[in-house]
Amino acid sequence: MTSAVLKCCPVDVTVNRSLSTGKLHRVELLLQTKLAPGTLDVLLSKSFLCAPAVGVSNMIAKLAKICTLRISPDKLNFILSDKLASGGVSMWCELEQENFFSEFQMEGISAANNEIYLELTSENLSRALKTAQNARALKIKLTNKHYPCLTVSIELLSVSSSSRIVTHDIPVKVIPRRLWKDLQEPTVPDSDVSIYLPVLKTMKSVVEKMKNISNHLIIEANLNGELNLKIETELVCVTTHFKDLGNPPLASENASQARNPEQMAEVHIDIRKLLQFLAGQQANPTKAVCNIVNNKIVHFDLLHEDVSLQYFIPALS
Amino acid sequence: MPLLTQQIQDENDYSLVASLDNVRNLSTVLKAIHFREHATCFATKNGIKVTVENAKCVQANAFIQAGIFQEFTVQEESVTFRINLTVLLDCLSIFGSSPMPGTLTALRMCYQGYGYPLMLFLEEGGVVTVCKINTQEPEETLDFDFCSTNVVNKVILQSEGLREAFSELDMTSEVLQITMSPDKPYFRLSTFGNAGSSHLDYPKDSDLMESFHCNQTQVNRYKISLLKPSTKALVLSCKVSIRTDNRGFLSLQYMIRNEDGQICFVEYYCCPDEEVPESES
C-alpha cells in the first residue's frame, strides 16, 4: 500500500440522544475516513463509558510515549512495539469493544483484513479524554484536517441548558499494511516459572527506591510462591522477599512437576522498564501474573475489569 | 518474623544490634541531617549519634537514644563507621516514605564490626527486605568545643516561629546575620541580598519565645548556604534552641517529637563567617 493519504468523507453522525439521567455517561464514538486508494473505509459509531476509557488512556500514556492503536470489529488494542530492544511487541493492551461501546461500526482495508492501525502520541489521547471525565457525550472519529486526525469531541455537562462541546484533534499516522506484521499479538513465552504478583503498590514503592540506587534489577521467582527483587551494586545489596504468592497452574503440567519448587528462575532487567510498567498501574488488577523465562524475558499478564494488559521486559544482555 | 531470626544466627557476633517497630522513628531524624551524602555513625550503650559535616564549618548531629529502640545492644564501648546516608535512607524507606495508615515497617539493624557491612532487615505486611550496605573507614569529625559554660546568649523558640523565616530566607544574601542582645532588637535575623537588606525581629515577650537569656550584644554572620540545610530539621521540630558562645559559634538544637511521642534531638553547629565591621554594628 502506498503512503496513506486520507480523503475524508462527510461524517455521518447520529448522536445518541437516548441519555436519561442515568449516572453512566454515555459517549458516542464515530470514526470515518477513506483512504485514497479506497482500501479503507471506516465508520465507528458507538457510545462508551467515559471513566474506564480515561483510566485506560492514562495507563497507556504512562507506559508508552507513542503507541499503536489497532481497531478491529471486536477489539481495540494499544500496542507498543519495541523494535530496538527486543525486536517485538513489548506491550499489548486489549479492550473488548463491546464493554466500552454501545454502538460500533468500522470497515477495514478489506473483509479479510478488517483492521485499522494508527500511530499516536498516547499523552494526546489521555489529555483529550481527561476532559471527558465528566462528559455527557463523547464522539471519536477519524478525520482528515490536512493530516489524519483522531477527532475527539466532548459534550460537557453545564449548569445551564446550553451544552458546550470541546474538540481535540489528535494527529495520527495510518500504518500501512506492510508494517502490520510487526504489530501482531505476541506469543506468550513458555515460562520456567509463573507466579501471581504481590500488591503492585508495595512492589512499586520498592522498585522506586531501588531505582535510586541501581539501574539494573534481578527479578527471580520459584514455584513455591516466592518472588524476590534484587539489586546489587558495589555499595549495597538489597533484596525484597515476597512469599506465599501462589503459582497459577502451568499450561504444561509435566514441566512444572519436573522442576524443583525451590529453584529460582531469574532475569536481569532494566529497572526503568519495570518501574514504567508499575507506574502505569493505578488500580489493582483482578489478576496479575508474572511469567519468567530464565535469563530471557519476564512477561507480566494483568487482567483488569475490562482491559487486559501484557507487558514484556527482555533480559539485559 | 521467622526470616529475620533465621538470618541472625548469633546475636553475640554483632557489635551492634538494634530493632525498631516503626522505622520512621529513625528515618525521619536522619532525614533532618541529610544534606551531604555521607555520615559517620557512633553507637554507644546510650544510643546512636549520626554526624554529617560540610566544608569544615558546619556539623549536624542526630541523636537517637537507646530508648527509642525496642532492642538495643552494643557489645563494645563504642562502635563507629561511616556510611552512605543517601543509600541508608533509600533502604530505610524501601516500603515507601508515606506508608498506608495502620501499617508499620519494622526494622532490625545489625553491624558485625569494622570492615563488615551494615545489615538491615525491614518487614512490612509479611514482605521482608534485606539490605547489606557497605561501611567505610570512619573519618575524624570536627570538634566544635561548644561548651555550655561559654554560652553567652541563648533563646528557645517555638519552631513555627522560625519555619517561615527560614523557608523564605533571601538566598541571594551570602550570609545570615544573627543579632542577640539583652536590649532591643533582642533577637534579629538579617540578610543582605540583591534586592536589599531585610531584618526580622522577634520581641523577647513574643508568644513564640519560650525562653530568653541574652547577656551581651552579639552580632554574628553565618554563611547562609551552610545554615539553609538546617531547615530540614526545623520543619520536623517543635522547639529550637539557639545559642552562641563567646567565639560567636552557633548551636541550633532542634527538638523532634516522633510518631510515638518520643523526643529526639538534632543539633547543628556552625562557625561564624567573619568579624562584623564596627561601622555596621
Side-chain angles (χ1 to χ4, degrees), chain A residues 195-222 224-247 261-262 264 266 271-272 274-275 277-284 288 290, chain B residues 1-7 23-24 27 30-31 34 37-39 81-111 115-137:
Chain A
I195 190 165
Y196 290 114
L197 282 170
V199 178
L200 293 179
K201 201 177 166 211
T202 310
M203 200 167 155
K204 182 176 140 196
S205 64
V206 167
V207 175
E208 251 168 17
K209 298 292 172 181
M210 286 182 165
K211 188 186 140 269
N212 293 346
I213 305 171
S214 171
N215 297 325
H216 306 159
L217 175 139
I218 302 164
I219 184 165
E220 58 176 20
N222 64 17
N224 202 24
E226 293 169 335
L227 178 124
N228 299 334
L229 301 174
K230 275 204 296 204
I231 55 165
E232 283 168 8
T233 72
E234 274 178 24
L235 208 57
V236 60
C237 299
V238 182
T239 312
T240 297
H241 304 265
F242 297 91
K243 54 179 183 172
D244 305 324
L245 296 175
N247 302 89
E262 302 285 332
M264 292 283 180
E266 62 162 45
I271 201 162
R272 285 167 307 175
L274 179 60
L275 190 60
F277 161 68
L278 292 168
Q281 307 309 313
Q282 299 300 319
N284 229 23
C290 165
Chain B
M1 284 174 270
L3 187 61
L4 297 197
T5 41
Q6 244 171 48
Q7 303 208 6
V23 71
R24 281 157 61 81
S27 59
L30 294 185
K31 270 181 206 148
H34 182 215
E37 183 131 298
H38 288 93
F81 55 88
R82 189 166 180 261
I83 197 158
N84 185 316
L85 186 58
T86 311
V87 168
L88 176 62
L89 279 170
D90 273 327
C91 290
L92 291 177
S93 56
I94 191 109
F95 290 116
S97 312
S98 45
M100 290 165 271
T103 56
L104 290 181
T105 306
L107 166 73
R108 191 172 182 83
M109 186 163 77
C110 307
Y111 177 62
Y116 284 94
L118 179 72
M119 301 293 295
L120 304 177
F121 303 88
L122 295 124
E123 190 264 357
E124 185 185 299
V127 183
V128 175
T129 297
V130 181
C131 310
K132 199 170 85 181
I133 309 173
N134 287 341
T135 55
Q136 296 153 6
E137 193 75 39

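In the text below, chain A, chain B and the rest are named by the order of the sequence lines, each starting its count at 1.
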- prompt: If you round to the nearest 0.5 Å, how far is OG of A:Ser205 from CD of B:Glu124?
  reply: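 So the gap between those two atoms works out to 7.0 Å.
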field: Distance, nearest 0.5 Å, that separates CD of A:Glu208 from CZ of B:Phe95
entry: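 The distance works out to 14.0 Å.
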query: Can you tell me if CZ on A:Arg272 sees more than 12 non-hydrogen neighbours from other groups inside 6.0 Å?
result: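 Not more than 12 within 6.0 Å, no.
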Per-residue contact mode, B:Asp90 against chain A (heavy atom under 4.5 angstrom):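 Interface part for B:Asp90: both.
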Heavy-atom contact with chain A under 4.5 Å, split by part of B:Thr135: neither
Taking the side chain as every heavy atom from C-beta outward, state whether [X] and [Y] have any pair of such atoms under 4.5 Å apart.
X	Y	value
B:Lys132	A:Val236	no
A:Lys209	B:Cys91	no
B:Thr129	A:Val238	yes
B:Val127	A:Pro198	no

- prompt: So which of A:Leu229, A:Ile213, A:Thr233, A:Leu235 has the largest heavy-atom pair count under 4.5 angstrom toward chain B?
  reply: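 Max contact count across the listed options: A:Leu235.
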Among the listed options B:Ile83, B:Ile94, B:Asn134, the residue most often paired with chain A at heavy-atom distances under 4.5 Å: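 Of the candidates given, the most pairs with chain A belong to B:Ile94.
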